[in-house]
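Because the structure is a prediction, the values reported are computed rather than measured.
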Amino acid sequence: MSQTATPARAHTAPLAPASAFSLSSLMTRLTGTTTGSWRGVLGPAAFWVPLAIMLVAGLLRFWNLDHPGKIIFDETYYVKDAWSYLHFGYEREWPKDIDKAFAEGTATPMDKPEYVVHPPLGKWIITLGMLVFGTESGLGWRAGSALMGTLAVLFVTLAAQRLFRSVPLAAVAGIFMAVDGQQIVLSRTGILDISYGALVALCFYLVLVDRDWGRRRLAQKVASAAQAGGGVPSKAFMSWGPWVALRPWRIALGISLGALCSIKWSGLAFVGVFGLLIVWWDCQARRTAGIQHWLAAGAVRDGLPGFVQLVPVALVTYVATWTGWFLNPGAYGHGLTAKATGWVTNIPEPLRDLWNYHSTAYTFHQGLTSPHPAASNPWTWLFAGRPVLFQYDTSESHGVPCDAGQSCIQVMTELPNPVLWWAGTAALLVVLWAFLAKRDWRALALLAGIVAGYVPWLFFPYRTMFIFYTTGYQPFMVLAVVYALSLLALPRGASATRIKVGTAVILGFTALVVVVSWWFWPVWTGQTITPEMYRMRIWFPSWG
């Protein structure tokens, strides 16, 4: 396993001015390679290794996906909403206690709209699976989640390649995501959270791609100015540096962030945190390039165009995902502001109605404090304190097949791989140390994801919350584990013997994670087991 590649540090001896501003020198300082591209350095494995890991992840998620053949946990909300989307374009209200009939294909909604408090995109993804595989089995209403869970593995693997500049380390990150229990269970359930996690991973990947693209472009512009000035840019040019305004990957990031917010509103935290992160990186790039007023120039010449390409694009994308609601006047919320007066009448009524809808939904989320046996405090998430039991069927009550005279159960518990999860929590300390002591940009990137995905929940201690909300920061925990392993097992400048030992440590830990996943596989996928086998996997009372 190769060591982690990082951008080259500045030369110990000062460069001659003309050499310092050559394209190859600028590319090396800003990107770590003389060409600014890492794909050629990583080789063809950078293409086929992520695809191979994605294929394995897909097999784990799509295998026997229609089991259990009934509605489980919060599928009772989102799957029926998705069915309504498929047939009517908006959510309709359903009769009470109709889950069994729905699974049998005999249920239909009532002829009135349903009030829901989550935006539509996650449910449209579930609808896509129904469109392809039908609505009569779990395969149809879970295929969208399985697809997004598979893509989440791909996005994390690609992000790891950008972050660590190493195909083997990226493969380790992809394997961790592929075999984790929370990822597997949520990918095999028709709810929103796995789609949310997949979009978070995509957004992070685009943040890293935009970082590389922007630094290459900055190097090219500064080098061009130097060439025009006889080898050295003018002082006026280097005072603020060039504009790097139109950035296609930043627009793609804005679209992805808007889509993320249309799955869950907690995506707004990523809009703010990732927005600040990319502007800070732009400022640092200008500083590395030798620009005098690097902070002000980064804020103005990168930050302002970045804001335009990020926030309005995200907003337009978000509103566009409500197209089904706009096209169906019978959907809930239409007409509620028809009697409005004053300046708001200058706003088209559908937009007023949509704003009113969001206002009431926000109030609902703020006051969501109803007790639930599976609810958990965010502080317990760091230790996988209380996973959610999605299914617990017995031979006596639910007809689970079993040999005569025995008792059998089928369980689906949304328990993360405990070894990986606990290592992720410990790795956060390593990441924090690396940022404070080494100012490593990779550590800052991981901390930004943790802050956006985890910290906001700490401000709502009385709200009803569940551990699967951690899908927003789980990719960063996985990457933190790989980052910590690379620092501890493969330090910079290590000898060949140390590299062999470090590689063995990483491979050994990876094997341990896979074995632990194999052990918990029956209670992640609802396999038929005995109560004794289940108790062997419940290591703590709060897991049961």
Which heavy-atom pair separates Thr288 from Arg29 by the least distance, and what is that distance?
O-NE, 3.4 Å
Close side-chain approach of Leu30 to Val222, heavy-atom, < 4.5 Å:
no
Taking atom CH2 of Trp379 as the centre, report whether more than 12 heavy atoms of other residues, nucleotides or ligands fall under 6.0 Å from it.
no
Keeping the roles fixed (side chain from Thr425, backbone from Leu382), state whether a donor-acceptor pair exists under 3.5 Å.
yes
Measuring from atom CG of Leu121 to atom CD1 of Ile125, what distance do you get when rounded to the nearest 0.5 angstrom?
4.5 Å
Taking all non-hydrogen atoms of both residues, which atom of Leu277 and which atom of Ala448 are closest, and how far apart?
CD2-CB, 4.0 Å
Please answer whether the main-chain N or O of Trp213 pairs with a side-chain N or O of Arg217 as donor and acceptor at a distance below 3.5 Å.
no
Mind checking whether Phe155 and Tyr205 have ring centres under 6.0 Å apart?
no
Please give me the minimum heavy-atom distance between Ile263 and Gly122, naming the atom from each residue.
CG1-N, 3.8 Å
Does the ring of Trp441 carry Arg211 above it, NZ/CZ under 6.0 angstrom from centre and within 45° of its axis?
yes
Within the 4.5 Å heavy-atom criterion, are Pro491 and Arg498 side-chain neighbours or not?
yes
Got a sec: does the OH of Tyr357 have more than 12 other heavy atoms crowding it under 6.0 Å?
yes
If we only count heavy atoms from C-beta on, is the Asp302 to Trp281 side-chain gap below 4.5 Å?
no
Less than 6.0 angstrom from the centroid, inside 45 degrees of the normal: does Arg287 satisfy that with respect to the ring of Trp294?
yes
Contact summary for Ala223 and Ser22, nearest pair of heavy atoms
CB-C, 4.4 Å
Flag if over 12 foreign heavy atoms under 6.0 Å of CD, Gln227
no
Does Thr189 use its side chain to pair, donor to acceptor, with the backbone of Leu186 at less than 3.5 Å?
no
How many angstroms lie between CZ in Arg142 and CE in Met130, if you round to the nearest 0.5 Å?
10.0 Å
From CG (Leu260) to OG1 (Thr317), nearest 0.5 Å:
11.5 Å
Verify whether the ring centers belonging to Tyr469 and Trp457 lie closer than 6.0 Å.
yes
Between Gln474 and Asp180, a side-chain donor and acceptor under 3.5 Å:
yes
In Å, rounded to the nearest 0.5 Å, how long is the span from OG1 of Thr150 to CE of Met54?
7.5 Å
Begin from the C-alpha positions of Trp421 and Phe176 and carry the test ring pair (Phe, Tyr, Trp, His ring centres under 6.0 Å) through to its verdict.
CA-CA 10 Å; Trp421 198 263; Phe176 287 167; over 10 Å; no
Just how far is it from atom CG of Asn417 to atom CD1 of Ile184, taken to the nearest 0.5 Å?
9.0 Å
Would you confirm whether Thr471, through its side chain, and Asp193, through its main-chain N or O, come within 3.5 Å as a donor-acceptor pair?
yes
Judged by atom type as modelled, is there a donor-acceptor pair below 3.5 Å linking the side chain of Arg61 to the main-chain atoms of Ala178?
yes
Is the distance from the ring center of Phe204 to that of Phe476 below 6.0 Å?
yes
Hey, does the side chain of Thr380 reach the backbone of Ser376 with a donor-acceptor pair shorter than 3.5 angstrom?
no
Heavy-atom distance under 4.5 Å between the side chains of Met238 and Val232, does that happen here?
no
Between the main-chain N or O of Leu295 and the side-chain N or O of Arg286, is there a donor-acceptor pair closer than 3.5 Å?
no
Side chains of Thr470 and Gln182 only: does a donor on one sit below 3.5 Å from an acceptor on the other?
yes
Report, as yes or no, whether the 6.0 Å neighbourhood of atom CH2 on Trp249 holds more than 12 heavy atoms from other residues, nucleotides or ligands.
no
Any donor-acceptor pair under 3.5 Å from Arg216 side chain to Gly36 backbone:
yes
Check for a donor-acceptor pair, side chain of Gln309 on one end and backbone N or O of Arg247 on the other, with a separation under 3.5 Å.
yes
Closest approach of Ile126 to Ala82 (non-hydrogen atoms, all atoms of both residues):
CG2-CB, 3.6 Å
Assess whether a salt bridge exists between Arg215 and Asp282, defined as any Lys/Arg side-chain N lying under 4.0 Å from an Asp/Glu carboxylate O.
no
Just by modelled atom types, is the Thr157 backbone N or O under 3.5 Å from a matching donor or acceptor in the Arg162 side chain?
no
Could you go through Asp440 and Lys438, starting from their C-alpha distance and side-chain angles, then the distance that decides it, and tell me whether this counts as salt bridge (Lys or Arg N to Asp or Glu O under 4.0 Å)?
CA-CA 5 Å; Asp440 192 334; Lys438 304 176 66 176; 5.2 Å; no
Using 0.5 Å steps for rounding, measure from the CG atom of Leu310 to the OG atom of Ser256.
10.0 Å
Show the numbers, then the answer: is there a ring pair (Phe, Tyr, Trp, His ring centres under 6.0 Å) between Trp265 and His118?
CA-CA 8 Å; Trp265 288 350; His118 284 297; 7.9 Å; no
Is a donor from one side chain sitting under 3.5 angstrom from an acceptor on the other, for Thr321 and Trp124?
no
